[in-house]
Asks: 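Below is the structure I would like to discuss, written out as structure tokens.
What you see below is based on every heavy atom in this structure, not just the backbone, and it leaves out hydrogens, waters and symmetry mates. Residue numbers count from 1 along this sequence.
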Amino acid sequence: MSLSSCCNGAEIFSCHEMDSCDLDFPDIDLNGSAAPTPESTLKAGLDVNTRKKYMYAKKKAFALFVKELQTSTSPHTYQDIFIKWKCCGQDFRDLRTIHKHVAAQHATEVLHQTQKILEELVIAATSSLPCTDHLDITDASTELCWSSQKISDWLPDLKCYKIEDLKSEQGEVLLYYCYCDVCDPQWICDWQRTLCNLLHLTGKIRIASEGINGTVGGSKVSTKLYIDTMLSHPLFKQMCLEDFKRSDGGAHCFPDLRVGVFHEIVPMGVDPQKVSYKETATHLTPEEFHERVEQYLSASQEEKDTILLDCRNFYESRIVCIIVPLVL
């Protein structure tokens, strides 16, 4: 299970393992059929190590499919922020609608792309050098490369933008997090502070050796430039556009900008060396999760070797309690 509190809802995991909390997509069988689905068939044929990478592959496949549908107009101008997607003869102007369309109409294509990504991961793993810390060494060498450069080398060029566009009251708030190894948290802290001040963003960003967790607000031009800059950095290469949750707002939503280095990106009072984000188990689909919950509830007290952990905070719990009755 991911350690971030940004993941809403309840998670279930064994006492001896923790579940990952990656982005999931609708694949619920509304008819309640127990017949194998193409997705379950694909997962059943994976070995344990590859199965752990399934949700990463699915998330990447979904993001790549959506990206292929993306069109933009008038680059380097204010109009550039109004991204549109075209698919099946329809125009989509926001991520929510295009995500719903792709999940409902193109699940097969996404699944095929997921399988290709998994195959590439298997090939990469088998062709790597026989070293247990190979990936960590590669990431460390990459980070040493960028952290030795000037912060100004990793800032966007604002020559094509007006100061009014960066300070517009019509803006949005970005919420994101990323678990990754950060060998030089102070460099990332200084870079983030400089970047946000340059783009006139406010909010709070926590940086630690285990990753970054941020909430920033500003004009839509500034938030777009911020996302583009983040995605261009090698440290955050596993992130994609969908990892940044958007909501209406702006720089006025926060009193100032606070960027700092902390022990954890999500304050839990847990030593990251003892409970690491890398120690994940097999992700559960919604169907598998509900099945495990039913097994847990029907089991006797002696048979229960599972902990059901609700990761929602008080505010999120109240929101769900209010919405559920309305949906029913």
Side-chain angles (χ1 to χ4, degrees), residues 63-64 66-86 91-99 145-178 180 182 184 186-207 212-260:
L64 289 174
V66 173
K67 187 176 183 180
E68 288 296 320
L69 306 176
Q70 180 178 316
T71 61
S72 59
T73 57
S74 303
H76 306 298
T77 68
Y78 180 77
Q79 295 297 324
D80 188 42
I81 65 175
F82 296 107
I83 302 174
K84 296 197 306 180
W85 295 264
K86 290 182 177 294
D91 291 341
F92 300 89
R93 296 181 179 274
D94 61 84
L95 278 172
R96 183 182 63 84
T97 55
I98 186 61
H99 280 181
C145 178
W146 57 255
S147 62
S148 63
Q149 298 179 10
K150 296 180 180 179
I151 291 178
S152 58
D153 293 338
W154 295 94
L155 298 177
D157 185 0
L158 303 182
K159 294 179 181 178
C160 299
Y161 300 92
K162 298 179 180 179
I163 189 65
E164 293 81 7
D165 293 337
L166 302 178
K167 290 186 174 182
S168 173
E169 287 293 327
Q170 297 293 332
E172 60 186 0
V173 172
L174 300 178
L175 175 66
Y176 71 93
Y177 72 94
C178 177
C180 57
V182 183
D184 192 348
Q186 190 57 54
W187 192 99
I188 295 296
C189 178
D190 296 338
W191 170 57
Q192 284 289 311
R193 184 181 295 110
T194 303
L195 174 62
C196 290
N197 284 329
L198 179 67
L199 298 177
H200 300 276
L201 298 173
T202 60
K204 184 174 183 179
I205 301 175
R206 297 176 63 96
I207 297 133
I212 185 172
N213 185 3
T215 305
V216 296
S219 71
K220 290 188 176 182
V221 173
S222 294
T223 54
K224 180 183 184 300
L225 287 169
Y226 181 82
I227 292 176
D228 291 343
T229 304
M230 287 286 291
L231 296 181
S232 66
H233 198 285
L235 184 60
F236 308 112
K237 57 188 177 183
Q238 71 268 40
M239 298 185 71
C240 59
L241 184 63
E242 287 73 19
D243 289 322
F244 294 86
K245 305 302 183 291
R246 288 181 162 97
S247 60
D248 294 335
H252 61 277
C253 294
F254 306 96
D256 53 22
L257 173 67
R258 299 183 183 183
V259 185

Asks: Which value, rounded to the nearest 0.5 Å, describes the distance between E169 atom CD and K167 atom NZ?
Replies: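 Atom-to-atom, E169:CD and K167:NZ are 11.0 Å apart.
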Asks: Taking the side chain as every heavy atom from C-beta outward, state whether V216 and I205 have any atom pair closer than 4.5 Å.
Replies: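 Answer yes - side chains close enough.
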Asks: Ignoring hydrogens, what is the shortest heavy-atom contact between L241 and L231? Give both atom names and the distance.
Replies: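 Answer, listing the atom of L241 first, then L231: N-CD1, 4.1 Å.
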Asks: Output all residues satisfying salt bridge (Lys or Arg N to Asp or Glu O under 4.0 Å) with D256, sequence neighbours left out; order by chain, then residue number.
Replies: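 Per chain and number, D256 pairs via salt bridge (Lys or Arg N to Asp or Glu O under 4.0 Å) with R258.
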Asks: Identify every side-chain donor-acceptor pair in residues 189-196 under 3.5 Å, counting partners at least two apart or on other chains, and give the distances.
Replies:
{"residue": "D190", "atom": "OD1", "partner": "Q186", "partner atom": "NE2", "Å": "3.0"}
{"residue": "D190", "atom": "OD1", "partner": "R193", "partner atom": "NH1", "Å": "3.4"}
{"residue": "W191", "atom": "NE1", "partner": "W154", "partner atom": "O", "Å": "2.9"}
{"residue": "Q192", "atom": "OE1", "partner": "Y226", "partner atom": "OH", "Å": "2.5"}
{"residue": "R193", "atom": "NH2", "partner": "V259", "partner atom": "O", "Å": "2.8"}
{"residue": "T194", "atom": "OG1", "partner": "D190", "partner atom": "O", "Å": "2.8"}

Asks: Which value, rounded to the nearest 0.5 Å, describes the distance between C178 atom SG and H233 atom NE2?
Replies: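 Between atom SG of C178 and atom NE2 of H233 there are 11.5 Å.
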Asks: Could you tell me whether the side chain of S168 and the main chain of D165 form a donor-acceptor pair under 3.5 Å?
Replies: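 No, because the side chain of S168 does not come within donor-acceptor range (under 3.5 Å) of the backbone of D165.
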Asks: Please evaluate residues I212 and R206 with respect to the criterion side-chain contact (heavy atoms from CB on, under 4.5 Å), reporting the C-alpha separation (whole Å), side-chain torsions for both, the decisive distance (0.1 Å), and the verdict.
Replies: CA-CA 6 Å; I212 185 172; R206 297 176 63 96; over 6 Å; no
Asks: If every non-hydrogen atom of Y176 is compared with every non-hydrogen atom of M239, which pair is closest and at what distance?
Replies: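 Reported closest heavy-atom pair: CD1-CE, 4.0 Å.
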Asks: When you compare the side chain of D243 with that of F236, does any pair of heavy atoms fall below 4.5 Å?
Replies: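 The answer is no; the side chains never approach within 4.5 Å.
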Asks: For atom CD of E68, is the number of surrounding heavy atoms from other residues, nucleotides or ligands below 6.0 Å larger than 12?
Replies: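 No, CD of E68 has 12 or fewer neighbouring heavy atoms, counting only those of other groups under 6.0 Å.
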Asks: Is there side-chain contact between S219 and H200, with at least one heavy-atom pair below 4.5 Å?
Replies: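 A side-chain contact under 4.5 Å is absent here.
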Asks: Could you give me the CA-CA distance, side-chain angles and deciding distance for L235 and C180, then say whether side-chain contact (heavy atoms from CB on, under 4.5 Å) is met?
Replies: CA-CA 8 Å; L235 184 60; C180 57; 4.0 Å; yes
Asks: Please lay out, stage by stage, how L69 and F92 fare under the test side-chain contact (heavy atoms from CB on, under 4.5 Å).
Replies: CA-CA 10 Å; L69 306 176; F92 300 89; over 6 Å; no
Asks: Quick one: CH2 on W187 to CD1 on I151, what's the gap to the nearest 0.5 Å?
Replies: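 Going from CH2 on W187 over to CD1 on I151, the span is 6.0 Å.
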Asks: Going from OG1 on T229 to NZ on K224, what distance comes out if it is rounded to the nearest 0.5 angstrom?
Replies: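 Going from the OG1 atom of T229 to the NZ atom of K224 covers 9.5 Å.
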Asks: For G249 and V173, work out which heavy atoms get closest and say how close.
Replies: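 Distance-wise, the nearest heavy atoms are CA-CG2, 4.1 Å.
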Asks: Specify the closest pair of heavy atoms between L155 and L198, including all atoms of both residues, with the distance to one decimal.
Replies: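 It is CB-CD2, 4.2 Å.
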Asks: Quick check against the 3.5 Å criterion: does S222 have a side-chain atom that pairs as donor or acceptor with the backbone of L166?
Replies: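 The answer is yes, because a donor-acceptor pair under 3.5 Å joins these two groups.
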Asks: Would you check if L174 and L201 make a side-chain contact, meaning some heavy-atom pair closer than 4.5 Å?
Replies: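 They are not in contact (no side-chain heavy atoms under 4.5 Å apart), so the answer is no.
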